[in-house]
Amino acid sequence: MNYTFRELPDMQNTGERKVYPKVDYCGQMTNEEFLHMMEKVTMLQGGTIQAVIAGMAKTIGLAFLRGDSVKIDGLGIFSVKLGMKKESETEILKQRGERYNTTDVEIKGVNFLTDQQWLKSLRHDIELNKSRGIKTIRKIESTEEERFQKAMQYLENQPFITVSDYVGLTGLGQTKAKMELRKFADNPNSCITRKGNGSHVVYIKKQG
């Protein structure tokens with residue numbers, strides 16, 4: 001597994017240099033690729049594995065409904081993450097002082113705490129390789145709409161655009177660029193659609 005040190009921009013002009021390590025992911029494994037790999041590891045059929053995963057999600061949800069967190073040996077602990085609704089965060093103090101209503105709170109996500117034995121195994125099995133140099137994180141001034149227009153202009157002269165192409169056009173990081181292109185393609189009103197599978201996905205201009 002490759003990683004790079006990233007340098008945070010000095011927004012406060014303190015003169016301090018802050019860096020942190022970040023994995024250089026090659027891509028994201030699709031659900032189909034994951035099931036195919038699981039078939040090889042477990043010798044189970046993909047349909048059976050999919051049913052087990054769906055059953056796990058349902059069971060964890062039922063445990064949350066009961067008010068429990070869930071511990072799965074060899075994997076970790078799952079628990080609910082709560083937060084304030086966006087529209088409530090500023091309005092609560094403005095209109096009601098410190099009086100909070102149940103309607104102001106929602107489930108923001110699911111926390112996951114890694115099983116320590118699994119983490120120890122990962123540390124033992126995965127070799128970390130440092131890429132050369134330190135990447136500086138740039139502050140992106142462009143808006144999402146402006147970046148979309150850049151992608152459309154690029155597609156006027158090219159048959160498709162890749163995530164790497166979009167990174168070069170916009171200055172976004174690889175992960176953010178991939179998420180943004182996927183968002184464009186998933187929007188039914190967008191002029192961009194997706195073609196291909198797995199690591200061979202490209203984005204093209206819709207015909208007609």
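Note that the numbering runs from 1 along the sequence shown for the chain.
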- Item | Sub-4.5 Å side-chain heavy-atom contact between Ile192 and Ile161 | no
- Heavy-atom pair with the smallest gap, counting every atom of Lys206 and Ser190: NZ-O, 3.0 Å
Scan the side chains in residues 54-80 for donor-acceptor partners under 3.5 Å anywhere in the protein, sequence neighbours excluded, and list what turns up.
residue, atom, partner, partner atom, Å
Thr59, OG1, Gly55, O, 2.7
Arg66, NE, Asp68, OD2, 2.8
Arg66, NH2, Asp68, OD2, 2.6
Lys71, NZ, Asp73, OD1, 2.4

- Rounded distance (nearest 0.5 Å) linking atom OG of Ser164 with atom CG of Leu169: 11.0 Å
- Query: Can you check whether Thr30's main-chain N or O pairs, donor with acceptor, with Glu33's side chain at less than 3.5 Å?
  - Reply: yes
- Any link between Tyr25 and Val202 through a network of hydrophobic side chains (Ile, Leu, Val, Met, Phe, Trp, Tyr) touching at under 4.5 Å? no
- Query: Are Ile53 and Leu35 close enough, and set up right, to give a side-chain contact (heavy atoms from CB on, under 4.5 Å), and what steps lead you there?
  - Reply: CA-CA 10 Å; Ile53 293 172; Leu35 292 177; 4.2 Å; yes
- Message: Donor-acceptor check, side chain of Lys81 to backbone of Ile107, threshold 3.5 angstrom: yes or no?
- Response: no
- Shortest non-hydrogen pair, Phe5 vs Pro21, comes out as CD2-N, 3.8 Å
- Asn2 and Ser131: side chain donor to acceptor below 3.5 Å: no
- So NZ of Lys40 and CE of Met37: to nearest 0.5 Å the spacing works out to 7.5 Å
- Message: Set out, in order, the CA-CA distance, both residues' side-chain angles and the distance that settles side-chain contact (heavy atoms from CB on, under 4.5 Å) for Ile49 and Gln45, then state yes or no.
- Response: CA-CA 6 Å; Ile49 298 169; Gln45 293 297 313; over 6 Å; no
- Residues at least two apart in sequence or cross-chain that pass side-chain hydrogen bond (donor to acceptor under 3.5 Å, both in side chains) with Lys22, listed by chain then number, are none
- Item | Distance in Å, Met179 CE paired with Asp186 CG, rounded so as to fall on 0.5 Å steps | 11.0 Å
- Message: According to a hydrophobic-cluster definition based on side-chain heavy atoms being under 4.5 Å apart (Ile, Leu, Val, Met, Phe, Trp, Tyr only), do Val41 and Ile126 belong together?
- Response: no
- Message: Can a donor-acceptor pair be found, under 3.5 Å and without considering hydrogens, that links the side chain of Glu39 to the backbone of Gly46?
- Response: yes
- Side-chain touch Lys183/Glu144, heavy atoms, less than 4.5 angstrom: yes
- Query: Going through the checks in order, is the salt bridge (charged side-chain N to carboxylate O under 4.0 Å, His left out) test met by Lys178 and Glu180?
  - Reply: CA-CA 5 Å; Lys178 182 182 293 186; Glu180 202 160 273; over 6 Å; no
- Note on the structure: Nearest heavy-atom approach of Met152 to Cys191 is CE-CB, 3.5 Å
- Task: Could you walk me through whether Val23 and Met1 pass the side-chain contact (heavy atoms from CB on, under 4.5 Å) test, one step at a time?
- Result: CA-CA 7 Å; Val23 174; Met1 177 178 284; 3.7 Å; yes
- Calculate, to the nearest 0.5 Å, the distance between atoms CD and NZ belonging to Glu156 and Lys205 respectively. 3.5 Å
- Linking I/L/V/M/F/W/Y whenever any side-chain heavy atoms sit under 4.5 Å apart, do Met38 and Trp118 land together? no
- Value for CZ (Arg194) from CZ (Arg182), rounded to nearest 0.5 Å, stands at 6.0 Å
- Same apolar cluster (I L V M F W Y, side chains within < 4.5 Å links), Ile204/Val163: no
- Query: Are a donor atom and an acceptor atom from the side chains of Asn31 and Gln50 found within less than 3.5 Å of each other?
  - Reply: yes
- Among Leu181, Thr193, Asp165, which residue meets the side chain to side chain contact (heavy atoms under 4.5 Å, CB included) test with Tyr203? Leu181
- Message: Please determine whether a side-chain nitrogen of the Lys or Arg among Glu145 and Arg147 lies less than 4.0 Å from a carboxylate oxygen of the Asp or Glu.
- Response: no
- NZ/Lys120 to CG/Asp115 distance, rounded to the nearest 0.5 angstrom? 11.5 Å
- Taking a hydrophobic cluster as the set of Ile, Leu, Val, Met, Phe, Trp and Tyr residues connected by side-chain heavy atoms closer than 4.5 Å, whether directly or through intermediates, do Phe34 and Val201 fall within one such cluster? no
- Note on the structure: For residues 145-190, the ring pair (Phe, Tyr, Trp, His ring centres under 6.0 Å) pairs (sequence neighbours left out) are Phe148-Phe184
